[in-house]
Amino acid sequence: MSAGVFILILVVAIAALVLMIVKAKMHPVLALFIAALGTGIALGYGVTGSVDYISNGFGGTLGSVGITIILGAIISMAIEDTGAAKVIANFFIKLFRGKRMELAPALTAFIMSIPVFGDITMVLTAPIASMLSKRKHISMSTMASFTGLGLFLTHGLVPPTPGILAIALMFGSDLGMTIVWGLVISFVGFFGTYFLLRKWTEKEWIEPNPEFVRGMEETDSDSVDDILIKDPGLPHTGEGFLPLLPVLLISVSSFAQMYAAEGSAIYTICTTIGNKVIALSIGLLYSFYLGYKQRKMVLGVYADTYNEPKAKLGEVMLNKWVARGLVVCLSPLLITAMGGAFGNVLKNSPALEPLSKLIADSPIPAILVPWAIAAITMTTAGMTAAAIVLPMMPDLGLSSLAAVLAIGSGTLMGNHYNNSGFWVMGQFFHLNTKQAVKYVTVPCAVASVICLIAVVILNAVGVFG
């Protein structure tokens, strides 16, 4: 099969995938399965061969990221119930001394979206953004733009969120370095977009969701004390940030592998506790400790929110957090796994070799290839791009880290109707569909380009190896 025919099949498959998700409102898992099966048949594998590739890709991806995603989902329940999210928001309110308050929920989302799923982060930060919007008379167009931008950036570029985690593992990229440089590029993308679009987002006034601000009044005060979230019994600042411990442990492990002598005590300790599953398990144990320390708040949440006034703390932490976490992570987990299945169908095509040589011989800069392929949808695009780019790596001459970060940057480009987060942002941040396109899709697209520029520069100076 020629490279041209392969590209035609790929374009048709992706177009069909988008139509199934956007127009037919089909669940991405089923849409990906149908697209993968149809693509496999079109590539000449036959029905049985296609199903084999789908099964192997699904199982392999599930095996590599499943436990990590499940543990992260349980930790996110602890962050929600213990008040840790509000502690992080208060930290940024103090940091900015009561000014530029749109940065408080935005940077809260930026940090929380690393271990916590994007949709949960939106739900947790929407009330914070709405309260600050009301108190400081800041339009929800500004709040939504930068809160969404913060969470989508780290969701797309920083493991252990599912898509970028699966891509990093597929490419064999060092997980700690992916976290570190993903954070750097996300930070550049965030503030580059913030300074470019801040005045633009202020041109339209959008009220906050009235459900979140009932009984609140505006204030002209820039006093930090007037703006802080003062729920009783919130954890201390350090305690609120500690559920992010797994990210720190994984990053430390990578530095130990780079600078500590192999076989030394520090190398062994750091690489052990920095194993992604062990690091998240340590984070989970800390979450249980924080839940015990914040037991009054946790039980209050179950009494007020879930109408379970007789809930026991042990049952909440060991059963209900797990059950809620599994419900939340099931869809991202299966979408990621089915994206891996679709990718496995693509990467086994013999046509990838001539396509790889065609691209290598073209004037297109190599670093643009993974970004451009990924700039279609979000998690599914990342897995699709990874599967296409992986066999090209010898011809592209890129490091695995550069390719992974380019793909992650590309996934930000197409954040629109086909992404559940787009609709969640609209609902919780009081935006209609047209406003969501303006204040969710546009900032993410601008950030995608800025992140690409950062990746290109860092790759050119040899930072990625």
Side-chain angles (χ1 to χ4, degrees), residues 3 6-7 10-11 14 149 152-159 161 163-193 196 254 339 343 346-347 352-415 443-465:
F6 176 82
I7 292 173
L10 178 61
V11 169
I14 292 175
L149 179 64
F152 284 122
L153 275 165
T154 48
H155 176 89
L157 280 159
V158 185
T161 48
I164 194 68
L165 172 65
I167 294 165
L169 294 175
M170 184 185 295
F171 276 74
S173 176
D174 182 277
L175 205 54
M177 289 296 100
T178 306
I179 290 172
V180 170
W181 287 110
L183 280 169
V184 170
I185 291 165
S186 297
F187 192 80
V188 171
F190 178 83
F191 279 101
T193 307
L196 281 175
S254 292
L346 294 171
K347 74 180 183 182
L352 277 175
E353 185 175 348
L355 177 61
S356 175
K357 292 178 179 177
L358 180 67
I359 292 174
D361 293 338
S362 73
I364 301 172
I367 195 67
L368 296 183
V369 174
W371 178 87
I373 295 173
I376 302 165
T377 64
M378 292 197 69
T379 300
T380 56
M383 296 300 292
T384 303
I388 296 170
V389 172
L390 189 58
M392 298 180 184
M393 289 297 286
D395 293 314
L396 293 176
L398 295 174
S399 69
S400 59
L401 179 56
V404 168
L405 293 174
I407 291 171
S409 300
T411 61
L412 295 166
M413 179 58 73
N415 185 5
C444 284
V446 171
S448 177
V449 175
I450 293 174
C451 289
L452 172 65
I453 293 170
V455 172
V456 169
I457 293 171
L458 291 170
N459 185 64
V461 299
V463 169
F464 300 140

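Quick note: residue numbers are just sequence positions, from 1.
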Do [X] and [Y] touch side chain to side chain, with heavy atoms closer than 4.5 Å?
{"X": "L165", "Y": "T178", "value": "no"}
{"X": "C451", "Y": "L157", "value": "yes"}
{"X": "V158", "Y": "S186", "value": "yes"}
{"X": "T154", "Y": "T161", "value": "no"}

Could you go through the side-chain contact (heavy atoms from CB on, under 4.5 Å) check for L405 and F464 one step at a time? CA-CA 10 Å; L405 293 174; F464 300 140; 3.8 Å; yes

Could you grab the distance from atom CD1 of I457 to atom CD1 of I367, nearest 0.5 Å is fine?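 That separation rounds to 12.0 Å.
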
Distance check, rounded to the nearest 0.5 Å: F191 atom CZ versus I450 atom CD1?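 Answer rounded to 0.5 Å: 12.0 Å.
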
T193 and L153: CA distance, side-chain angles, deciding distance, side-chain contact (heavy atoms from CB on, under 4.5 Å) verdict: CA-CA 11 Å; T193 307; L153 275 165; 6.0 Å; no

I need the minimum non-hydrogen distance between [X] and [Y], along with the two atoms involved.
{"X": "V389", "Y": "P370", "value": "CG2-CA, 3.8 Å"}
{"X": "L398", "Y": "A366", "value": "CD1-O, 3.7 Å"}
{"X": "S409", "Y": "I185", "value": "OG-CG2, 4.4 Å"}
{"X": "V404", "Y": "A168", "value": "CG2-CA, 4.0 Å"}
{"X": "L401", "Y": "W181", "value": "CD2-CD1, 3.9 Å"}
{"X": "P443", "Y": "L149", "value": "O-CD1, 3.7 Å"}

Please report the C-alpha distance between L346 and F6 in whole Å, then the side-chain angles of each, then the deciding distance to 0.1 Å, and finally whether the side-chain contact (heavy atoms from CB on, under 4.5 Å) criterion is met. CA-CA 9 Å; L346 294 171; F6 176 82; 4.3 Å; yes

Using the rule given for side-chain contact (heavy atoms from CB on, under 4.5 Å), can you reason through H155 versus I164, listing the C-alpha separation, both sets of side-chain angles and the distance that settles it, and then say yes or no? CA-CA 8 Å; H155 176 89; I164 194 68; over 6 Å; no

